Asker: 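Pasting a structure below so you can have a look.
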Amino acid sequence: MASLLSSAAASHETLPDSFVFPADERPPASSAAVELPVIDLSAPRDEVRRAVLDAGKELGFFQVVNHGVPEAAMRGMDAACEEFFALPAEHKAAFYSEDASKPNRLFSGSVYRAGGGERYWRDCLRLACSAFPVDDATRNAWPDKPRRIREVVERFLVATRALGMELLRLLCEGVGLRPDYFAGELSGGDVIVNVNHYPPCPDPARTLGLPPHCDRNLITLLRQGDVPGLQVAYRGGDWIDVRPVPGAFVVNFGHQLEARLRQSFSDNACDIATNGLLKSVEHRAIPDATRPRTSVATFIMPTEDCLVAPAEELVAAAGEGPRYRAVTFRDFMEVYKAVGARRESVEKAFKI
Ligand code: OGA
Ligand code: NI
């Protein structure tokens, strides 16, 4: 528990050496004034479909507003998360675990050693849900403090998942797949909610809250909160800041979505439907010097047995064989764990 950055006992007047990253692994954000598109989901469906596809191709990341997740569900979740991290250490200790195979746990980047031995300035509450409608066994595996956290999480998670499924339908319509292509086992695995908590950091310029990574799932919906800190890799390797938009969700595609929609990881892939550009894009998180930052990421995952391969419809349209090895999601996760989260290494591992 001493390893939890947010524990009351921890005081952070200076950045401990173990959190310092070499300068070349922590390039500053670009000064380019690039903004993620903000898509209003209440606009006419044709317009929304086009905007989602364009944004996906352009940056691989976008924000959505008027998305149907009730304001009260979002605010309730914010409050519950804040209260959770402010709980006395003994309450959090009950949920703390360094066993990565546990679906529900509290853990910290302060014990995670990256390649160079560095640690990350982040605590994380991970909550999993595999049953819809949510059942008692699922709820009972979540923390029971603060009061009402279980119903708050359930409400948030169900509404956010519905938004994710709607975005997947819009994408399918955009690339010419049947609208329910991602229903069933492709999106039928766990839905994971990661509450990322980044305490104020004495020297944010020399560390990272989350390392550069691509998400391993199908699609991610991130509630960023008011404090900025998310950065997205931009074309030439620059990092761009994602401006917090009140009430918005930041949306990005995971490896599984890319694997389904693209014929290959290579940029010149002959992928007619998506023009080879609908990608899973690297991103990272930076802590703030004075304010705690909390973000809530909802990850929609395939089932473990789901075979992840390019959509047959797209392979047929491209008029050539698949260029990407078909693997079960379980095997994908094993490889991902072994090769690390960087885009390049995952690409290499799965190319035919
Ligand atoms: C994640 C993630 C970014 C953030 O949880 O996978 O990328 O801003 N989070 O916390
Ligand atoms: Ni991520």
Side-chain angles (χ1 to χ4, degrees), residues 5-6 26 29 36 56 59-64 74 77-78 81-82 84-85 100 103-110 112 114 119-128 153 156-157 160-161 164 167 190-201 204 207-234 239-258 279-289 291-301 332-333 336-337 340-343 345-346:
L5 288 163
S6 56
R26 206 242 168 265
L36 256 55
L59 275 168
F61 260 82
F62 54 93
Q63 309 211 44
V64 291
M74 297 191 288
M77 187 69 183
D78 294 348
C81 295
E82 192 178 316
F84 178 85
F85 280 100
N104 294 281
R105 66 186 181 116
L106 172 65
F107 61 98
S108 178
S110 66
Y112 180 78
R119 295 160 181 213
Y120 302 117
W121 199 263
R122 171 184 80 140
D123 293 338
C124 181
L125 172 64
R126 183 192 201 270
L127 304 169
V153 167
F156 179 85
L157 187 151
T160 315
R161 173 175 181 258
L167 288 165
D190 284 357
V191 174
I192 307 288
V193 171
N194 269 2
V195 183
N196 301 305
H197 182 76
Y198 310 91
C201 176
T207 191
L208 287 169
L210 261 182
H213 67 282
C214 289
D215 294 344
R216 58 192 82 181
N217 53 303
L218 193 60
I219 190 166
T220 306
L221 304 128
L222 182 87
R223 174 156 171 79
Q224 210 195 170
D226 308 329
V227 182
L230 173 64
Q231 295 180 341
V232 172
Y234 184 62
W239 291 96
I240 55 169
D241 287 313
V242 178
R243 176 176 58 94
V245 172
F249 278 89
V250 179
V251 182
N252 70 289
F253 312 132
H255 278 304
Q256 307 311 313
L257 193 123
E258 170 164 340
K279 291 199 205 182
S280 170
V281 170
E282 281 192 340
H283 50 287
R284 64 182 191 182
I286 308 295
D288 191 84
R291 294 168 294 177
R293 173 170 186 262
T294 302
S295 68
V296 184
T298 304
F299 303 102
I300 297 178
M301 329 257 274
F332 176 92
M333 294 296 274
Y336 184 97
K337 260 184 243 158
R342 293 306 299 259
R343 198 190 144 78
S345 32
V346 176

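We number each residue from 1, following the sequence as shown. Being a predicted model, the structure only gives us computed values, none of them experimental. Remember, it's 1-based here, ligands and their atoms both numbered in the order they're listed.
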Asker: Of all the N, O or S atoms in His213, which has the shortest distance to the Ni ion (ligand 2)?
Answerer: NE2
Asker: Looking only at heavy atoms, is any part of Arg293 under 4.0 Å from ligand 1, and if so is it the side chain, the backbone, or both, or is it neither?
Answerer: side chain
Asker: Would you say the Ni ion (ligand 2) has Cys214 as a near neighbour, meaning an N/O/S atom of that residue under 2.8 Å away?
Answerer: no
Asker: Should you measure from each heavy atom of Ala297, which atoms of ligand 1 turn up under 4.0 Å away?
Answerer: 5 (O)
Asker: Closer than 4.0 Å to some heavy atom of Leu230 - which atoms of ligand 1 meet that?
Answerer: 3 (C), 8 (O)
Asker: Report the part of Leu222 in contact with ligand 1, treating N, CA, C, O as backbone and CB onward as side chain, heavy atoms under 4.0 Å; options are side chain, backbone, both, neither.
Answerer: side chain
Asker: Suppose we only allow N, O or S atoms; which atom of Asp215 ends up nearest to the Ni ion (ligand 2)?
Answerer: OD1
Asker: Quick one: does Asp215 get within less than 4.0 Å of ligand 1, heavy atoms only?
Answerer: yes
Asker: Starting from atom 9 (N) of ligand 1, locate the nearest protein heavy atom and write down its residue, its atom name and how far away it is, to 0.1 Å.
Answerer: Leu210 CD1, 3.5 Å
Asker: Quick check: Asn194 and ligand 1, any N/O pair under 3.5 Å apart?
Answerer: no
Asker: Nearest N/O/S atom of His283 with respect to the Ni ion (ligand 2), by atom name, please.
Answerer: NE2
Asker: Return yes if a side-chain donor-acceptor contact under 3.5 Å exists between His197 and Thr294, otherwise no.
Answerer: yes
Asker: Using a 4.0 Å heavy-atom threshold (strictly under), name the region of His283 that reaches ligand 1: side chain, backbone, both or neither.
Answerer: side chain
Asker: Considering only heavy atoms of Ser295, which atoms of ligand 1 have at least one such atom less than 4.0 Å away?
Answerer: 4 (C), 8 (O), 10 (O)
Asker: Hey, are Asn217 and His255 close enough side-chain-wise for a donor-acceptor pair under 3.5 Å?
Answerer: no
Asker: Applying a strict 4.0 Å limit to heavy atoms, is His213 in contact with ligand 1?
Answerer: yes
Asker: With a 4.0 Å cut-off, would you call Arg293 and Asp226 a salt bridge?
Answerer: no
